[in-house]
2 protein chains.
Amino acid sequence: MNETVVSTMTDDKIEFATSMFKLLGHPLRLRIVEILDLRGEMMVNDIAELTEQPQSTVSLYLNKLKNCGLLKSRRDGNQTYYSVNEPKLHILLNCLRGCPFE
Amino acid sequence: MNETVVSTMTDDKIEFATSMFKLLGHPLRLRIVEILDLRGEMMVNDIAELTEQPQSTVSLYLNKLKNCGLLKSRRDGNQTYYSVNEPKLHILLNCLRGCPFE
DNA sequence: TCTACATATTGACAAATTGAAATATACCAA
DNA sequence: TTGGTATATTTCAATTTGTCAATATGTAGA
């Protein structure tokens, strides 16, 4: 054991990164994020239909992803449009789509 | 609903990414990965001491991270040295350390 | 072999997460 | 206001994950 640096990440960054990874560590949530990254903004029901998942589940996950800062939303009438909160996610997804990960 | 692309990621890639994110979505595991990225290879007990966590827990997590392909290990005598499995993780960590994520 | 040390694995319980139906809320139009 | 639609929230059983002491396995040297 020596005295070299233990970490470059603050506790805050670890906490943020952890909560982000937790959310992305679920197939449906990752699919949703990827769909929004590809298609741009979508409303909740359309995402629910596209993924064939219950509206309540999709709405819940969209909210969590938004609270984490990964998505943003826009209200139009009685519909809510969700989209990726650039540039946080786009960079990560491209990193994921690229060669290093199989 | 139209016929545009739904996903660029195969189910396999979603599954791999999901399992990877699950592992990184834990403060101790993320710390371990970051430490190894900074220090190079370390043996299990040194990581346990540095992080002040039980040896069994650290060993368990190191194994999981290795099985996912994020770490690799090398046996030397009765010690096991773990290190990051480049370049998969380094890219991701740099992406994380950089500006886009707060 | 025996001993000491490093690591891996197991077992048990607490804690967190998942999934989906039921319900509530918000908005618009008539 | 009333009804219809879109979304958000609540609830809870089932499942998964976290934690760590105890134990087992593996390795090297005497």
Side-chain angles (χ1 to χ4, degrees), chain A residues 1 11 14-33 35-36 39-83 85, chain B residues 1 11 14-33 35-36 39-83 85:
Chain A
M1 201 69 51
D11 285 345
I14 288 281
E15 189 182 340
F16 164 74
T18 293
S19 62
M20 181 188 71
F21 286 139
K22 255 184 209 159
L23 288 178
L24 295 178
H26 185 284
L28 176 55
R29 290 192 295 254
L30 188 56
R31 279 276 186 217
I32 288 174
V33 160
I35 288 169
L36 291 176
R39 293 194 172 205
E41 65 178 16
M42 287 179 74
M43 39 184 286
V44 180
N45 271 341
D46 285 348
I47 301 171
E49 280 185 32
L50 188 59
T51 57
E52 300 178 301
Q53 297 295 319
Q55 175 269 328
S56 61
T57 301
V58 171
S59 176
L60 203 63
Y61 287 168
L62 285 170
N63 261 284
K64 286 183 176 182
L65 290 164
K66 181 189 169 187
N67 288 336
C68 185
L70 295 176
L71 299 183
K72 59 185 174 184
S73 69
R74 172 180 73 85
R75 189 92 186 187
D76 181 19
N78 63 348
Q79 299 169 358
T80 305
Y81 290 92
Y82 282 88
S83 56
N85 195 18
Chain B
M1 204 66 56
D11 285 345
I14 287 280
E15 189 182 339
F16 164 74
T18 293
S19 62
M20 181 190 69
F21 285 139
K22 255 183 206 156
L23 288 178
L24 295 177
H26 186 283
L28 176 57
R29 289 192 297 255
L30 188 55
R31 278 276 187 220
I32 288 174
V33 161
I35 288 169
L36 291 176
R39 293 194 172 206
E41 64 179 16
M42 287 180 73
M43 38 182 288
V44 180
N45 272 343
D46 285 348
I47 301 172
E49 279 184 32
L50 188 60
T51 57
E52 300 179 300
Q53 296 294 319
Q55 175 268 330
S56 60
T57 301
V58 171
S59 177
L60 201 64
Y61 288 169
L62 286 170
N63 261 284
K64 285 183 176 182
L65 290 164
K66 181 188 171 188
N67 288 337
C68 186
L70 295 177
L71 300 183
K72 60 185 175 183
S73 70
R74 174 178 72 85
R75 188 95 187 184
D76 180 20
N78 62 349
Q79 300 168 355
T80 306
Y81 290 93
Y82 282 87
S83 56
N85 195 17

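Only this structure's heavy atoms are used, side chains among them; waters, hydrogens and symmetry mates stay out. Order of the sequence lines sets the chain letters (A, B, ...), proteins ahead of strands, with each chain counted from 1. Model, not experiment: these values are computed from the prediction.
One interatomic measurement links the two molecules: CG of Leu62(B) to P of dT9(C), which rounds to 12 Å at whole-angstrom precision. The distance between atom CD of Glu49(B) and atom P of dA6(C), rounded to the nearest whole Å, is 9 Å. The interatomic distance linking Asp76(B) (CG) with dA28(D) (P) rounds to 9 Å, in whole Å. Rounding to whole angstrom units, CG of residue Leu60(B) and C1' of dA6(C) are separated by 16 Å. Rounded to an integer number of Å, the gap from Leu65(A) CG to dA8(D) P is 12 Å. Separating the NZ atom of Lys64(B) from the C1' atom of dG18(D) is a distance of 8 Å, rounded to the nearest angstrom. As rounded to whole Å, 15 Å separates atom C1' of dA6(D) from atom CD of Glu41(A). Atom CZ of Phe21(A) and atom C1' of dT17(D) are 19 Å apart (whole Å).
Between the OG atom of Ser83(A) and the CZ atom of Arg39(A) there is a distance of 14.5 Å, given to the nearest 0.5 Å. Distance OG1/Thr57(B) to CG/Leu28(B): 7.5 Å, rounded to 0.5 Å. In this structure, the separation between CE on Met43(A) and CZ on Arg75(A) is 10.5 Å, given to the nearest 0.5 Å. Taking OG1 of Thr80(A) as the start and CD of Glu41(A) as the end, the distance is 11.0 Å to the nearest 0.5 Å. In this structure, Gln53(A) CD and Tyr61(A) OH are separated by 8.5 Å, a value rounded to the nearest 0.5 Å.
Note on Gln53(B): a side-chain N or O is less than 4.0 Å away from OP1 or OP2 of dC20(D). Here Tyr81(A) does not reach the OP1 or OP2 of dT7(D): none of its side-chain N or O atoms lies under 4.0 Å away. Listed pair Ser59(B) / dA8(C) meets the phosphate criterion, a side-chain N or O lying under 4.0 Å from OP1 or OP2. For dT17(C), neither phosphate oxygen OP1 nor OP2 lies less than 4.0 angstrom from any side-chain nitrogen or oxygen of His26(B). Put simply, Tyr82(A) has a side-chain N or O that comes within less than 4.0 Å of OP1 or OP2 on dA8(D). Under 4.0 angstrom from either OP1 or OP2 of dT18(C) there lies at least one side-chain N or O belonging to Arg29(A). Contact annotation: Asn45(A) side-chain N/O to dT5(D) OP1/OP2 distance is not under 4.0 Å.
Of the listed nucleotides (dT7(C), dT7(D), dT27(D)), dT27(D) has the atom at the smallest distance from the side chain of Asn78(B). Set against dA8(C), dC27(C), dC20(D), the side chain of Thr57(B) has dC20(D) as its closest nucleotide. You'll find that the side chain of Asn63(B) is closest to dT9(C), out of dT9(C), dC20(D), dT18(C). Residue Thr80(B) places its side chain closer to dT7(C) than to any other of dG18(D), dT9(D), dT7(C). When distances run from any side-chain atom of Met43(B) to the nucleotides dT7(D), dC20(D), dA6(C), the shortest one goes to dA6(C). Distances were taken from every side-chain heavy atom of Pro54(B) (C-beta onward) to each of dC20(D), dT9(D), dT7(C); the shortest belongs to dC20(D).
Residues Gly77(A) and Gln55(A) each lie close to DNA chain C; by heavy-atom proximity, the contact nearer the 5' end of the strand is made by Gln55(A).
Tested against Leu70(A) for a side chain to side chain contact (heavy atoms under 4.5 Å, CB included), the candidates Asn85(A), Leu36(A), Ile32(A), Leu24(A) yield a single pass: Leu24(A).
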